Structure formats: structure tokens, C-alpha cells
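What you see is a predicted model; the values in this text were computed from it and never measured. What you see below is based on every heavy atom in this structure, not just the backbone, and it leaves out hydrogens, waters and symmetry mates. So you know, we letter chains A, B, ... as the sequences are listed, proteins then strands, and number each from 1.
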Amino acid sequence: MEIASRYNPQEIEPRILNAWLQGGHFHSVSRPGHKPFSIVIPPPNVTGILHMGHALNNTIQDVLIRFNRMRAKDSLWMPGTDHAGIATQNVVEKALAKEGLRKEDLGREEFTRRLWDWKEQHGSVIINQLKRLGASCDWQRTRFTMDEAYSKAVTKVFVSLWNKNLIYRGYYIINWCPRCKTALSDEEAPYQQAQGYLYYIKYPLVSQAANRTLKPGTVQATQTKYIVVATTRPETMLGDVAVAVNPEDKRFASYIGKKLLLPIMQREIPVLSDSFVDPDFGTGAVKITPAHDLNDFEMANRHNLSPIVVMNPDATMNENAGEYKGMDRFKARGKIVEFLKNQDLILKVEPYTNAVSRCYRCDTVVEPYLSRQWFVRMEPLAKPAIKAVRAGKIKFNPKRWEKVYLNWMENIRDWCISRQIWWGHRLPVYYCKKCKEEPGRNNKSQITNDNFHPKGVIVAEERPQKCPHCGSQDIVQDSDVLDTWFSSWLWPFATFGWPFDKSQVSAKPPRRGQSHKSQDISRKREELKYFYPTNVLITAPEIIFFWVARMIMAGFEFMGKEPFRDVCIHGTVRDNSGRKMSKSLGNVIDPLDIIDKVGADALRFSLILLAASGSDVYLSEDKFLVGRNFSNKIWNATRFVFLKIEEKGIKVEDFKFSELDEVDEWILRELSLAVECVTESLETYSLNEAAKKIYEFFWHSFCDWYIEIVKDNFTLSKAKAAVFVLLESIKLLHPFMPFISEEVFNLIKKHTSLPLSGMLASLDWPKIGKHACGKPMGIELIFDTIKEVRNIKADLGLGQKKVDIEVDCSPEALKLWNSNQGWIERLALLKSVVYRKGLNRVLYKNKFWALNIVMDNVSLDNFLISLGKKVVNLEAVLSETKARLENKGFIQNASSDIIDREKAKLRDTSLLLQRLLKLKGAFE
RNA sequence: GGGCGAUUAGCUCAGUUGGUUAGAGCGCUACGCUCACAUCGUAGAGGUCACAGGUUCGAGUCCUGUAUCGCCCACCA
């Protein structure tokens, strides 16, 4: 026998993978008259390496894709990677640093070339890792967000939004990393708790402070009236333009409209009222620094105050900072505090824990910074996206995420899309130098957001030859690139080749009668029409805002349709104590390591079992043993079947069953129920329900009962049934454990003469109900009897000893017993079964037979104890049931079948109880 | 500060519209190397379903409140 007794995924998985890829089993094309099923992969970062989150996310997608592929749908899983602007640039910059170079040393062009080199060399790492996981993506279609065709989509979208006045350039407070010198999105600047200080600073009233200079040795501020403001960043006070209080706050009512003298800068600033100010926080008065704080910026806008930027892009103080010019922001903070202390302008300093944003790549404290950036106006885009979800066109699963989505969408803010880095899609924005100088990005003290289409700014898909306004050829392109998400939000349709630009070059040779370009384009158009909207998007909760919501908006804006019909949000993968897995915590479990140890199938199956719909997954290495053990069980069940077939020289050529007995019928019925359950569960995205059902059926029905029963009576008929069940089981299993199921399929082909060909991945899904059998069967009662006999034997201390039993039964039941006696004796560990009328003791009884175990000289202690427990239980049930049936309310209100059930229960329980009491009495 | 979720066996979780004696896996205990599998088999122990009220003939399930934990959002200087 050449089948190993242990399943060895390391040998099998690479071979199967290769066969799938060679056979083109994952490629899908649109076929008129067929049904599509499509998913676009959440594109991993091109710098990424597979982590458990990916493993879970992609396993779920693969299960759905494989399931639908087997249901003969044209199943397309679109793979690809994301250029991940800052992350990738960071990786390459680090590599450069090893050569002692900075990107500026190379210049933009050369540095970008290096980035592409890096991508060519390392960009497919995660793709190959996904293949090892078993992901059945249509790999021929693998896309990259900076592919030429994809980039055209990005440019087109930018221009289109600009033309509709949905993109504008303007000043706003953004997250600014002074080290990277770029704007960051909110997700790129996560908050961290930081220990700092809250400084309470006195701002004197001008009426009293007028003509007084607040310099050392002159008038003491304590002698004047003042307002105290609290701040964590005293250096920003140099840019203060006002102090705000709550209009309801009586303490400050008399100050409103008056002027304060801003210490150090000696600038007069107004006291204004704004309901944003929380009278209960700090002193109830807020300094307004519009250029360095988002709230202040918005308040200043409300009150028509101009911001004053006091820092340079590298976070040193600028010329607006007076004597602190050139000083680093933190050094300036110290100096300013020192000065204020000397002036007695600090009331107190309190330790304070607040949230500080840090750059995710270099950990530098991010500065809220007034800067000229490009924005997308989101509200108009959000409207149809909100409507669609409300109308149920797009469904979230679990549903609760819908609220999260809607809440964000209804309070949506404009999207800062420009980044001051070099890796990404460059803005299709050109400046005519003659019409208008390219504006400096920083140091603006004026908030003048641009008009709709300002002069000298040209937004176009192609670089213009000359300025349409003045004809000048002195034109420069904006140096910024777009936020990575500005390309990912187009993923569900841009991956199909949209917008089908004619200049796209096809790699395919032209076909007869049509130029290859137009042929290619019309095919792509068809495919988009066929596969879009995609069926379902599988992603993690933290991606809802960045990506899911934006894809929905882009879908409606550019396709006029939702990008997907269902969104499944799965949980986060955590370590066993609930912490997120991260390199810095050192609690990462590497999926590739698990694949090496137990196989991709075991990894996949374990993950699905653990990931109950949308709940977080707590992992430790031992949790993968479930999958490993199950693999081995499947393997050995298969091994057993073919071992027997070989031993008996049986030829299985077809599934024409001529002589099914009760046991065969039972297992076929169980199989049918499993098919039904798994199918329904997969249709409703209850993957773990489906996985559990397969596990339960295969292990506990097929292996524990069926195989055990047929072991010593392995006929042709049994072989057929066993192979049939095996074949149908691995079909059910295939979406979850594609490798082992495929290998079992190979073995079936090898050891039988069944007309099977191709690969399991392309086979049809089992039909529901085909083998359901309505025949009432006593076989399950036999199972119960065997269990009960084992149970009693264990209590009697006869666990592994063979015993004689006596059975009293009807002639009909006797037939059942006789025809199955062999395996009954084996499974219940019996020496013999004697049939006789009337037993002098009944240990077990059901509707059809009663049974006694012949025994002498055994300890009855345990048996009587468990008998006693049973009696107590039954008495409780009995009195409960009685009480229920005597309850008028119950009789009046409960449905008739419930009442009937209770009546039956009363009958059965009291009979059983009587018998047990009698039995107990006989022993005592 | 708002919102959401969770709380069921030692651990991780199921429990469908309220209706038999609340289930599974892992772990644990006992026995067994029975010729597919010790990555196995058989049996067993283990739960006042977080707490307090309420609705109901009947609540793990519905309502209200409390506690603890977790997550998300937010402009609190």
C-alpha cells in the first residue's frame, strides 16, 4: 500500500498548486448565458508579506470563489497589489540609506526608477505567498495600481472630478510630518497617548496693559486683568489671532469684544465667543491658532480671522516667530515657557496626558499644519452612496457595520489627496509659469481657497503643449503625487481596463477582421459589463472608511452602479490574549510558518472554524491542530477505503447502487443533509457553520459510524457507497481544504475505474437531496442502543470486556438485529447476542426492543450512582412537565404541537422513570 | 463625549422568529497501541447562561437598568 499513514502536505501542496496553475483552472472569461460571480481582492501592499489577517481575508474569498466555481458560475477573483506610496518609498529609501544615499541625491527620476526596480524584483512576493495559501485568483489578470492602464483611470478620474468642481486646491490643516515633509492622511498619523504638560498662560487685557511692555523688569502682568488660557503647545501661541470663550459663559461675558495683548508678540488679539468652546474644560478660554490647529482654523474661518503660520516645513520656527525664528519647535517651547515664567505670565503647569499624532513611518510627532493641498469634495459623492446602502442595494454583513458606514458618510469631510512624495500617480496638474507662478505650498498667511478654475492652472489627462490662456510653453507639472487610496477606490472597475483608452497596447496578436486594439477593448468592455458589479467584498472593519466607502462612491460616480452587492466584514486577528498581532509586540504568528508545519489546508480550515461571523480571531499556534488533525483524519479515511478496495480486489466502476442496506441509506441521507446545510451556509456567508457541518459529518458520521460498521464486511456495494460519500465529501470540503481534497480526488481516480477526469476544482458541486431517503429506519436506534450498552458497561467496570447480551424484540426488529449483528457485536464489544422473549431484567428499552447484559460478580456502585442521577433528572423533568401541562395559561397559549410534544414527553419520561425505578429496586 | 459589540463549561465559542433535560471543539479524568488514523478510539466529569428588575403560561433568547471588558468615531485647547 503506497498511501502514507500520515498526511504530508509539504509533498502534496506544491504539486497540486502547480497542476491548478498549469491547467488554467482559475482563469475566467465572460460567457453569455452563464452566471458571473466576481470578487476583487483587497490589494495588498506591494511591499507586503503575508500575515494572518491576509490569510483569513483571502481564505474567506477563496472559499466563496471555489464554491461558486463549482456551482458552474463564471467565477472571477481579480488579484493585484497596491503601490502603497509612502510605505514603498520608505522601503526603498531605507535600502538607499545603506548605500549612504538620500533620495535627493538621486533626484526624482532616478529615485523613481529605483522604486520600479524594487517593485520588479520584490513586488510579487506576496502574490506567491497567496498562491501557497491556495488562493484561486485569476493570476493572469494580476493588476498593479500603477500599471499604465490603471494610471490612465486615475488621471481620468482626477480630471473628471476637477471638471465637475469636485476637486479643489485649498488651504487646510493637515497632518504634516516635518521629517518626511509631506502631508499625511489621518490613518498615516495614528494617535498615541503621550505624557506632556498643560500650561496655563495669562493673556492681559489691552485696556490695562496698553502702553505697557511686558519685558523683564517692567510692569508685572499680575497687576493687570487677564484671561488665562491652557495649552499643551505653548510655541503655537506665537501664531495666536484671538482667544475664544463660550457665549454662555458668564465668567467671560464682560471680556467679549475686548482686546488682549498676546504676550511675547505684543499683538493685540480679540476675545470672541464661539459655542465650540467648552466652558468646563481647562479655563474655559481657548487661544486661537488657526495655522496650527484644526479647530482653531475652523473657528477663525467663522470669525474671519487670518491665520499666522509660525513654523517652517521642517518644524523650525519661521520669520513670524520673532526672536524664536530658526529655533526647533520643542526648543522654542522651552524658551517660551521660561520667558513667560520670568514674566509671571504662567499661572500653573500641570502634567497632562493627551493624544499626539506620530508619523507611522518615522515616529516623528506630526504637526497640525496649515498647508495648501488638493482635496476632493466628498458630500456630493457621498449622497448616492448613502442612498444605495439605505435602499439595501449594498448589504453589510454583519449588518451592524451599516450604521458605522452611514454615520461616517453622513458626516463626511473633504479628502486631502495630495502627498509630497515621489512614488505614486503624479497629479495631472500643470502650471503656466507665465500666467501664475506655482504657488509656494507653505508660509501662507492668507486663506484664499482657489476659484473654480484658476488662471494658469491646467488640469488635463495629457501634458499640455502650451498654456491655453496665454500660449506660453513654460509649463511645469505639480510635483505632488496622489494618496494611494485615490487609486484603490477605482479598483473594482479599473482592474477591468476601464476607461478602455484606445492607446492601450494589447499583448495579444490581432485576430482576423479586426484590429487587435479594438478587439481587445470590446472584449474588456464586455467583461466589465459582465463581472461588474462584483458580488461581494471581503474586508476588515478598519478598511470601511478608507476603502469600502470610497469604492462605493467611485462606483456610483464613474460606473453609475454599486461596485459590489454584499460587504462581509470579518474580525481582526489577535494573539491569544487579545492583542493585535504586531512585529513590535513580537506576538506574530507567521502563516507561512504554519503552512510549513501543518499545511495550507489546516491553516485555512482552522481559521474559518475560529472566525465566527465577524468576530475577532484569537490565535495561538496550537489552534491549528484542529485543522491538522482533521487533514489527517480525511487522509486516513481515504487510505482505509482504498486499502480495503485493494485488499478485496474490488473494482468500483460506477455508482449504480443495487443493494443498499439500512446503514448505506443512513449515511447517504446524512450526506444529503450535510450537502444541504453546507450549501445554505455558504450562500449566506456563514463559512464557519459550513465548515463545522463538514467536520461533523465526515468525522462523526462517516468515520465514526459508517467506516467502523463496514470494516469487516467490505463488499462491492459498501465500496461504492464509501467512495461515493468520499467523493461528495471532498467536493464539500474543497472550498475550505483545496489541496487535500484535490489529492483525495487523485486517489479516487487512481484506485477506481470511475469516469472521472479533470481536477476537483472544476467539478460540479453536489446536488441537494439527490440521495435523501424518506424510509423510516431503526438504524439510529441501533446506534443509540450501542452507545447505551457501552455506557452501562463503563459504569459496570466492563469497559473493554466482551459481554453477552439478551434482547427481546418484535420479529421485524429481529430481522434488523440479525442482518446487522456482526458489526453490532464488534462496536458494542459483545461476545454474543441471544434473542428471547421476556427478560428477567431490563437495562435498556426503547419502542422496539429491550435489552439485558448478562453479568455476574461485578461492582454495581458506579452503575447505581449513574442510575440514581438519571432518576433524579427524570423526576425533575417529569414534575416540570406535569406542572406545565397543568398550567391553564400554557394550555391556552402554547401552540398545539408544543402541547403534544409536552404530552409525549410526559408519557415517555414516566415510562422510563418507572423502568429505572424498577431496575434500581431490583438491585437494592 | 458619543456610538457599537461582548459577558453561556477551565479555555475558545455555537445557540436561528421566546417552547424537550443549554451544545461543540480544545483541555481534563478513566480505559484502550481493536490490522485507516494515538494527529486515534470509547466513556465520563464540568454551566444558578455577568448582575438586578420587568414583560410572558414559559426568557440564555425580548425590554429597562447596573457592572466589567473590548472596539470604533470625535475638534476638547
Using a cut-off of 4.0 Å on non-hydrogen atoms, how would the nucleic acid contact of A/R233 be classed: base, sugar-phosphate, or nothing? nothing
Does OP1 or OP2 of B/A36 have a side-chain N or O of A/K711 closer than 4.0 Å? yes
By the 4.0 Å heavy-atom rule, please label A/N893 as base, sugar-phosphate, or nothing. base
Students often get this wrong, so: under 4.0 angstrom with heavy atoms, is A/I707 touching a base, only sugar-phosphate, or nothing? base
What contact category does A/L609 fall into here, base, sugar-phosphate, or nothing, at under 4.0 angstrom with non-hydrogen atoms? nothing
Does A/R901 get its side chain close enough to the base of B/U20, under 3.5 Å, for a donor-acceptor pair? no
Identify whether any heavy atom of A/K793 sits under 4.0 Å from a base atom; if not, whether one sits that close to sugar-phosphate; answer base, sugar-phosphate or nothing. nothing
For the backbone of A/A828 and the side chain of A/K793, can you confirm whether one donor and one acceptor N or O come within less than 3.5 Å of each other? yes
Counting just side-chain N and O atoms, does A/K403 come under 4.0 Å of either OP1 or OP2 of B/G3? no
Side chain A/Q800 and base B/A43 donor-acceptor under 3.5 Å: no
May I ask you to evaluate whether A/R790 reaches the phosphate of B/A43, defined as a side-chain N or O under 4.0 Å from OP1 or OP2? yes
N or O in side chain of A/N629 less than 4.0 angstrom from B/C40 OP1/OP2: yes
Taking for A/R628 and for A/L912 the nucleotide of RNA chain B with the nearest heavy atom, the one nearer the 5' end belongs to A/L912
Base, sugar-phosphate or nothing for A/D296? Non-hydrogen atoms, less than 4.0 Å. nothing
Residue pairs passing the salt bridge (Lys or Arg N to Asp or Glu O under 4.0 Å) test with at least one member in residues 865-878 of chain A, sequence neighbours excluded, are A/E788-A/K870
Ignoring backbone atoms, establish whether A/N636 has a side-chain N or O less than 4.0 Å from OP1 or OP2 of B/C40. no
Look at A/E880 together with A/K905 and state whether they make a salt bridge at an N to O cut-off of under 4.0 Å. no
Separation of B/C40 atom C1' from A/Y695 atom OH, nearest Å, is 12 Å
Step-by-step side chain to side chain donor-acceptor pair (under 3.5 Å) determination, A/D795 to A/S866: CA-CA 8 Å; A/D795 280 342; A/S866 77; 2.5 Å; yes
Counting the atoms with a prime plus P, OP1 and OP2 as sugar-phosphate, which does A/H700 contact under 4.0 Å by heavy atoms, base, sugar-phosphate, or nothing? sugar-phosphate
Between CZ of A/F545 and P of B/C72 the distance, given in whole Å, is 10 Å
Does A/W705 place a side-chain N or O at less than 4.0 Å from the phosphate oxygens OP1/OP2 of B/G41? no
